[in-house]
Amino acid sequence: MSDLPVLKGVLVLLACQLVGELVVRLFGLDVPGPVVGMVVFLVVLRVRRPRPSSGLVRGPSLLLRHLQLLFVPAGVGVIDYLDVARDHALPLAAGLWLSWALGLAATGGVVAGLLRLRDRSGR
Amino acid sequence: MIPLVGWHPHETWDWLTSSPLFGLTLTLAAYALGRWAHRRTGNPVLQPVLVAVVVIGGVLLLTDVSYDDYLRGGSFVGFWLGPATVALALPLHHEWHLVRRAAMPLLTGIVAGALVSICSAVLVTRVTGGSRLLQLTMAPKAATTPVSIALSDQVGGIPELTAVLTIVAGITGAVAGPWLLDLLRVRDPRARGLALGAASHGIGTSRALQESRVEGAFSALSMALSALATSVLVPVVLLVL
């Protein structure tokens, strides 16, 4: 299979992000450009309904398979904050991890509960 | 006579550490190592992003190369986070029929989750002795990196530290999220995906995608909507708390 479709897919992603970034700036929105770009791309996908072999599917799939790679450079930034982390270990660790667990539990619990409630009443 | 071959270790080292080639090669190599370790052991704690950050951090500290020098190459990789965020529309498109049917529970859960995340971040940091600056820095940490950084800046936190906290929250979700959800008996893949995306943004979503396409789709959606909810709620919550 040719790699040309993948290139086309990546090009569409860049174009959607560009549209998103421009919209955000033009209208002074407090939303990140890529998130608006995601909505733009969703509209493209809903309208075009591409086949799995299309670049519109293969390009994004390639990036999503390696999503974790893209966070690595930002994560390495931790080395500049090792001193801060040591000096404020308790509030940083407790604030981060407790609040992470509570946020996860709240979202998961509320959604699971509401879905169960609705499925039961719908029957 | 001019010698044909010299020996220039210092010049070579200076060139190497200030060249984009260094950070870029190191990033891809460490990530490849992380993927290999993850595949080889099947241990969910060995998420490639975690392994790569630890390995690169270790190399930089040992060789005394600064983060800024590393970023000359690393930023080439980081750039693709934007297009990858756009790409998250793909799983959403595939599972659109499920998303539409779950709209109300989904939105309620995301707003509830964002409120709990922000309030608990501020309060727990305060109770354990964190300064107001740290509380402000912690408040937006559940939103995806570009959003959390902008919010931290807006409310007067330390944006660079918020970025790090956000990534750690993400890695925590990839490593321990499914385990905690099992413990809480949240089994519906839609609820699991939403929870991972809300608490751990894109990194949580990468783990959700490993579990199933449905879970990945709901996590992607949750990440985007939680970013919106957090942007609106952080300034409001900070007025009260």
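The sequence lines fix the lettering, A, B, ..., with proteins before strands; numbering per chain opens at 1.
A:Arg25 places a side-chain N or O within 3.5 Å of a backbone atom of A:Glu21 that can act as its donor or acceptor partner. A distance-only check finds a donor-acceptor pair linking the side chain of A:Thr107 to the backbone of A:Gly103 [under 3.5 Å]. With hydrogens and angles ignored, the 3.5 Å screen pairs no side-chain donor or acceptor of B:Thr166 with any backbone N or O of B:Ser148.
Of all the listed residues (A:Val84, A:Leu18, A:Val35, A:Leu90), the one sharing the greatest number of non-hydrogen pairs under 4.5 Å with chain B is A:Leu90. Note on B:Ala227, B:Gly216, B:Gly177: by heavy-atom pairs under 4.5 Å with chain A, the leading option is B:Gly177. Put simply, of A:Ala85, A:Gly108, A:Pro50, the one with the most heavy-atom pairs under 4.5 Å next to chain B is A:Gly108. If you tally non-hydrogen atom pairs under 4.5 Å between each of B:Val186, B:Ile118, B:Leu26, B:Leu115 and chain A, the highest count goes to B:Val186. Among the candidates B:Gly113, B:Gly23, B:Ala89, the residue making the largest number of heavy-atom pairs closer than 4.5 Å to chain A is B:Ala89. Ranked by heavy-atom pairs under 4.5 Å with chain B, the list A:Leu96, A:Leu114, A:Val110 is led by A:Leu96. Between chain B and the options A:Ser99, A:Ala94, A:Ala105, heavy-atom pairs under 4.5 Å are most frequent for A:Ser99. Looking only at heavy-atom pairs under 4.5 Å with chain A, the residue among B:Ile56, B:Val116, B:Leu81 that has the most is B:Leu81. Annotation: maximal heavy-atom pairing with chain A below 4.5 Å, among B:Val164, B:Thr85, B:Thr172, B:Leu180, occurs at B:Thr172. Contacts with chain B were tallied for A:Leu102, A:Val43, A:Val36; A:Leu102 has the most, counting heavy-atom pairs under 4.5 Å. Between chain A and the options B:Leu88, B:Val232, B:Leu184, the largest number of non-hydrogen pairs under 4.5 Å is found for B:Leu88. For the set A:His88, A:Arg116, A:His66, the count of heavy-atom pairs under 4.5 angstrom toward chain B peaks at A:His66.
For A:Ala101, the parts lying near chain B are the backbone and the side chain together; criterion is any non-hydrogen pair under 4.5 Å. With a 4.5 Å cut-off on non-hydrogen atoms, B:Ala102 touches chain A through its backbone and its side chain both. For chain A, the nearby parts of B:Thr108 are the backbone and the side chain; heavy atoms of each come within less than 4.5 Å. Only the side chain of B:Leu60 comes within contact range of chain A, with heavy atoms under 4.5 Å apart. For B:Phe76, no part sits under 4.5 Å from any heavy atom of chain A, backbone or side chain. There is no contact between B:Arg187 and chain A, counting heavy-atom distances below 4.5 Å. In this structure, chain A has no heavy atom under 4.5 Å from any part of B:Ala142. Contact of A:Val57 with chain B is made through backbone and side chain together, with heavy-atom distances under 4.5 Å. With a 4.5 Å cut-off on non-hydrogen atoms, B:Gln135 does not touch chain A at all. Proximity to chain B is absent for every atom of A:Val44, based on heavy atoms less than 4.5 angstrom apart. For A:Tyr81, the part lying under 4.5 angstrom from a heavy atom of chain B is the side chain only. Heavy-atom distances place the side chain of A:Leu82, and not its backbone, under 4.5 Å from chain B. Contacts between B:Ala163 and chain A at a heavy-atom distance below 4.5 Å are absent for every atom of the residue. Residue contact with chain A, scored on non-hydrogen atoms closer than 4.5 Å, involves the backbone and the side chain of B:Ala176 alike. In this structure, chain A has a heavy atom under 4.5 Å from the side chain of B:Thr145, while its backbone stays farther away. For a residue to count as touching a neighbouring chain, one of its non-hydrogen atoms must lie under 4.5 Å from one of that chain's; by this rule B:Leu134 touches chain A with the side chain only.
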Open item on the list: Quick one, B:Tyr31 with B:His38, criterion ring pair (Phe, Tyr, Trp, His ring centres under 6.0 Å). Give me CA distance, side-chain angles, the key distance, then yes/no.
Closed with: CA-CA 10 Å; B:Tyr31 173 70; B:His38 186 228; over 10 Å; no

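The minimum heavy-atom distance linking B:Val77 with A:Pro73 is given by the pair CB-CG, 3.9 Å.
Using a 4.5 Å cut-off on side-chain heavy atoms (C-beta onward), B:Trp80 and A:Val10 make contact. With contacts defined as side-chain heavy-atom distances shorter than 4.5 Å, the pair B:Ile171/A:Phe71 does not qualify.
Other residues, nucleotides and ligands contribute over 12 non-hydrogen atoms within 6.0 Å of the CG atom of A:Asp87. For A:Arg48, the CZ atom is loosely surrounded, since the number of other residues' heavy atoms within 6.0 Å does not exceed 12.
With ring centers used as reference points, B:His93 lies 6.0 Å or more from A:Phe41.
Atoms CZ and CG, on B:Phe218 and B:Leu98 in that order, are 5.0 Å from each other to the nearest 0.5 Å. Atom CG of B:Leu196 and atom CD1 of B:Ile203 lie 12.0 Å apart (nearest 0.5 Å). In this structure, OG in B:Ser117 is found 11.5 Å from CD1 in B:Ile110, a value given to the nearest 0.5 Å.
Ion pairing of B:Asp182 with B:Arg185 is absent here, as no side-chain N (NZ or NE/NH1/NH2) approaches a carboxylate O to less than 4.0 Å.
Judged by distance alone, the side chains of B:Thr162 and B:Lys141 never bring a donor and an acceptor atom under 3.5 Å apart.
Remark: of the listed residues B:Gln47, B:Arg207, B:Arg35, B:Gln47 is the sole one forming a side-chain hydrogen bond (donor to acceptor under 3.5 Å, both in side chains) with A:Gln68.
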